[in-house]
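Each remark here refers to the structure printed beneath this line.
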Amino acid sequence: MLKIYNTLTRQKEVFKPRSEGKVGMYVCGMTVYDYCHIGHARVMVVFDTVARYFRHLGYDLTYVRNITDIDDKIIQRANENGEDFNHLTARFIDAMHEDERSLAVLPPDIEPRATQSIASIIAMIETLLAKGHAYIGSNGDVFYAVEKFNDYGKLSGKKLEDLQAGERVDVDAAKQNPFDFVLWKMAKANEPSWPSPWGEGRPGWHIECSAMSTCCLGNHFDIHGGGMDLQFPHHENEIAQSEGATGEKFVNLWMHNGFVRVNEEKMSKSLGNFFTVREVLKQYRPEIIRFFILSSHYRSPLNYSDEQLNEAATALNRLYTALRGVTVPDSPILPDYQGRFEQAMDDDFNTAVAVSVLFDLAREVNKNKSSDLKRAEQLAASLRRLGGLLGILQNDPEVWLKGGDVEVRLQSGHMEYEAYPPTVVIGPSEEAINHCIQARLDAKKAKNWAMADQIRDQLKEQGIILEDAPNGTTSWRRA
RNA sequence: GGCUGCGUAGCAAAAUGGUUAUGCAGCGGCCUGCAAAGCCGUAUAUACCGGUUCGAUUCCGGUCGCAGCCUCCA
């Protein structure tokens, strides 16, 4: 029985789809004026994992994640670069897809873009005006009137009278209430714009999500997700817009993931303390990042540091080490482990516990390797398949363990969405390593332990760890 | 000021009204020429103060500390 924490009710609820066996899920995606950072990666990985699990449970899922490809920051950045805004967003959409692909994030079913949804945005604004939820301000912009929506604040638990308007930013004189927000913004000279009943302009940020989500999934759908910081005002405003326009309930269940932090502080663009995915990828392989994200619960804060990433790498090595040397048959997942795994995931997608099941499985594989190979193979198959549900452990173990430090080369620009980023291994070549291993085997045969140990130590300094097997062979991996 | 949420062993991170989380690091042992990996065993915990209870880390109240939102932000 799947339970999910609902921000709207502040508790875990048994998930009940609106329509038997079907799920509609909308997640707020990126504003594409820069590269994705680890915080964005968390959203992608978390909701990808949610999507994978829904499908594993047999739901017919429609996963929609939008792209905001027009807003003030995009215009500003394009101006700074002396670049057409369409060109700018195209570049960063490509880059985002590369990052996603490297993190084993499966593409959403629908990826609507604001600039391709202008007609439905305008239609929704017209409805809001007609119903008296919106007005045209003195500057020509169309605003949403928050006071006309009784439930305003129900998601974030805020009351209009408690909010501190103008505390950090000047209040726009064109607004009737300081918390009214823009639905349609009039274009200044040389700004990108679209024709509308109110003049040339562009949509406000919040309206695009209301328009795109209801357009793709219907007026009322199951799940809406995004980062914690979108709770207010973005999601609050989406509710006001959508419910104001349709008169129907908008979303049953709101999911919000926690922040990635750096030194106990939110990683964010404005603080400038962010690490882009491609930056981190220079040092860590993508699966390590994914594992790092999944090793804590999606609603908890996640502290980013080298120590954490290194630990994730070590942990992942342990899982791959268990898989090493075992032929993994195409057998079903062992029921007891599947049960434990699902119990964890059913509890609000508790990936941390799900991962711990993988470690238990790894121990059992290791234990049975020498005594009961058949059993070990079955366990390994379960380990690999359960890992697959989380989007990890799909590499060849030998290849993974020989991978070590790599440089992942992303080719921004116009790479095929499907292409996996090529990795470049740092350190001695396989040929050189094998040569050393042979020399050491000879030394061992001559019982020249000093020589054998010296060779091993030298390799270790270069990040190569040797492991002697009982049958006299030596295998190696990169640290 | 208003509203969220959090405080678990050396580190990270789950869970639970009474019973092993898990990973890394540590300690002891097995294995090994010695290692590595693996296996077995083992230590260290629930911010503080009250309350409810036969029993609380878990529920309730308070204190302290931390983070987030109340501009844009995943």
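Values in this document were obtained by computation on a predicted structure and should not be read as measured data. Below, chain A is the first sequence line, B the second, and so on; all start at residue 1.
Nucleic acid contact class of A:His297 (heavy atoms, under 4.0 Å, all strands): sugar-phosphate only. A:Met267 comes within 4.0 angstrom of a nucleotide base, judged by non-hydrogen atoms across all strands. Nucleic acid contact class of A:Ser300 (heavy atoms, under 4.0 Å, all strands): sugar-phosphate only. Across all strands, A:Ser270 comes closer than 4.0 Å to base atoms (heavy-atom distances). Using a 4.0 Å heavy-atom distance criterion, A:Lys367 is classed as a sugar-phosphate-only contact. Nucleic acid contact class of A:Gly153 (heavy atoms, under 4.0 Å, all strands): none. Using a 4.0 Å heavy-atom cutoff across all strands shown, A:Arg324 reaches no nucleic acid atom at all.
The aromatic rings of A:Phe92 and A:Tyr35 sit perpendicular to each other, their planes meeting at more than 60°, with 30° as the lower class boundary.
Between A:Asn303 and B:A12 there is no side-chain polar atom (N or O) within less than 4.0 angstrom of OP1 or OP2. At B:C70, none of the side-chain N or O atoms of A:Lys159 fall inside 4.0 Å of OP1 or OP2 (strictly under the cut-off). For A:Asn366, a side-chain nitrogen or oxygen approaches OP1 or OP2 of B:C39 to under 4.0 Å.
Relative to the side chain of A:Pro233, the nucleotides B:C70, B:A74, B:C39 differ in distance, and B:C70 lies closest.
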Tell me, for nucleotides 18-33 of chain B in 5' to 3' order, what letter each nucleotide earns: B for a base near a protein heavy atom under 4.0 Å, S for only sugar-phosphate near one, - for neither? ---BSBS--------B

Which is it for A:Tyr152 and A:Tyr144 under the ring pair (Phe, Tyr, Trp, His ring centres under 6.0 Å) test, yes or no, and what are the steps along the way? CA-CA 12 Å; A:Tyr152 195 80; A:Tyr144 189 96; 7.4 Å; no

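When A:Arg77, A:Lys73, A:Arg278 are each tested for a salt bridge (charged side-chain N to carboxylate O under 4.0 Å, His left out) with A:Asp34, only one passes: A:Arg77.
The base of B:C72 lies close enough to the side chain of A:Lys73 for a donor and an acceptor atom to sit less than 3.5 Å apart.
Figure legend: A:Lys158 and A:Phe179 shown without cation-pi pairing, the cationic atom not lying both under 6.0 angstrom from the six-membered ring centre and within 45 degrees of its axis.
Ring centroid separation for the pair A:Phe250 and A:Phe221 comes in under the 6.0 Å cut-off.
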